[in-house]
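To start, the structure itself, in structure tokens.
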Amino acid sequence: MPAKGKHRRPKPQRFTRSIAVAGTGGAALALPLMGATGAHAATTTSAPEKAIQSVPAAEKAATEKSTAAKSARVTTYSVKSGDYLSKIAEEQDVTGGWKKIYQDNREAIGGNPSLIHPGLKLSLGEKAATSATDTTKSSTSSGTSSSSSSSSSSSSKESSATQSADTTSTSTGYGLPVTGGTIGTGYRVAGSMWSSGYHTGVDFVVPTGTTIKAVGAGTVVSAAYDGAYGNEVVIRHADGEYSQYAHMSQLSVSAGQTVTEGQQIGLSGATGNVTGPHLHFEIRTTPYYGSDVDPVAYLRSHGVTVG
């Protein structure tokens, strides 16, 4: 019996110690775990709160940025039949009106704001002031450089043009602007493709590269690219009238230069708003669009035979 008793007593002791160790270990482990859990919970709760507080500010900044981008966006408008700048400005709610549209699209429209045609692409919207300033500075610089260049090359251009002039002339000192050209679209032909509602000149159908001649002696008022007219020359004659030559592929004269009847002023082409190569020819009472008179009648009044 004593032997069995010794054998049985260690069992409860080991069992008790095991429970005690387990209990002690459990208590020891429980406290750090509870503390760690508390610390972690505090950190986790704090981070989302800060994140949630920062969301409205981020959304506000993104919204403001998007709104600013939309307000600065430039849209493209395609001119339709019957359009004119003030009408477009009103319908498209353009700040600054037709003058703003003309200012932003002067290169495409040309020297006359009334000369717009169906299919012409116009930029509508606000443009950066800095861009406008830079453009003005660039234009001023370019104009100064161009003026200097034109002055130095004017005499050589005039000499070259004189040498290539057609010597054929009439007794009245007037002639045709091209040789061998046939008349295509006549004067005052009605059509929605022209902003005025009719053709303001007469078209001589000639291939690209045909010599364009001054119909009479005079002074070159302008020689430059002019929107729908493309490369254009305007000459003032002794009788006070003006001849205009448009869509040229090349200019041979410059503003301020004097020319004689039959002198080459450029080469025909298809620049500007055209469907094919030809010379658009006008006679005007002023240098500007809208003062046109019948060019064929004018030439005939000066003894020129027009087919």
Side-chain angles (χ1 to χ4, degrees), residues 84-86 98-99 102 106 109-117 120 161 169-178 181 183-204 206 212-248 251-266 268 271-274 278-307:
Y84 45 92
L85 293 188
S86 58
W98 71 268
K99 292 183 179 179
Y102 182 50
R106 181 155 189 159
I109 297 173
N112 193 318
S114 298
L115 188 61
I116 61 174
H117 55 84
L120 179 65
S169 63
T170 65
S171 58
T172 60
Y174 282 81
L176 289 170
V178 293
I183 294 180
T185 305
Y187 179 60
R188 284 271 173 176
V189 173
S192 60
M193 66 192 73
W194 299 292
S195 60
S196 60
Y198 67 89
H199 194 224
T200 53
V202 62
D203 290 344
F204 288 91
V206 289
I212 305 300
K213 300 170 288 185
V215 295
T219 302
V220 177
V221 175
S222 64
Y225 189 90
D226 189 15
Y229 280 132
N231 290 321
E232 169 201 67
V233 171
V234 176
I235 299 173
R236 185 181 190 279
H237 301 286
D239 60 2
E241 305 288 67
Y242 297 79
S243 58
Q244 183 242 18
Y245 314 76
H247 306 312
M248 289 191 280
L251 303 177
S252 304
V253 293
S254 56
Q257 182 177 333
T258 57
V259 294
T260 59
E261 184 268 317
Q263 179 175 324
Q264 178 179 316
I265 59 174
S268 65
T271 56
N273 182 35
V274 295
H278 68 277
L279 168 67
H280 174 84
F281 175 73
E282 292 185 21
I283 293 294
R284 302 170 173 176
T285 58
T286 74
Y288 310 110
Y289 169 83
S291 62
D292 54 273
V293 296
D294 189 339
V296 173
Y298 175 83
L299 291 176
R300 286 174 177 166
S301 70
H302 285 281
V304 180
T305 301
V306 183

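For the numbers below, each heavy atom of this structure counts, side chains included, while hydrogens, waters and symmetry mates do not.
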Using 30° and 60° as the class boundaries, would you call the ring planes of His247 and Tyr229 parallel, tilted or perpendicular? tilted
His199 and His280 aromatic ring geometry - parallel, tilted or perpendicular at 30°/60° bounds: perpendicular
Between His237 and Tyr242, is the gap from one ring center to the other below 6.0 Å? no
Testing the 3.5 Å rule here: is there a donor-acceptor pair between the side chains of Tyr289 and Asp226? no
Main chain of Asn231, side chain of Thr271: is a donor-acceptor contact present, judged purely on distance under 3.5 Å? yes
Is a side-chain donor or acceptor of Ser268 paired with a backbone partner of His278 at a separation under 3.5 angstrom? no
For the residue pair Gly175 and Leu299, what are the closest heavy atoms and their distance? O-CD2, 3.9 Å
Any idea which heavy atoms bring Met248 and Val233 closest together, and the distance? CE-CG2, 3.3 Å
Ile235 versus Val259: any side-chain heavy-atom pair under 4.5 Å? yes
Look up atom [atom1] in [X] and atom [atom2] in [Y], then write down how far apart they are to the nearest 0.5 Å.
X: Leu251; Y: Ile212; atom1: CG; atom2: CD1; result: 10.5 Å
X: Tyr298; Y: Glu241; atom1: OH; atom2: CD; result: 6.0 Å
X: Glu282; Y: Ser243; atom1: CD; atom2: OG; result: 10.5 Å

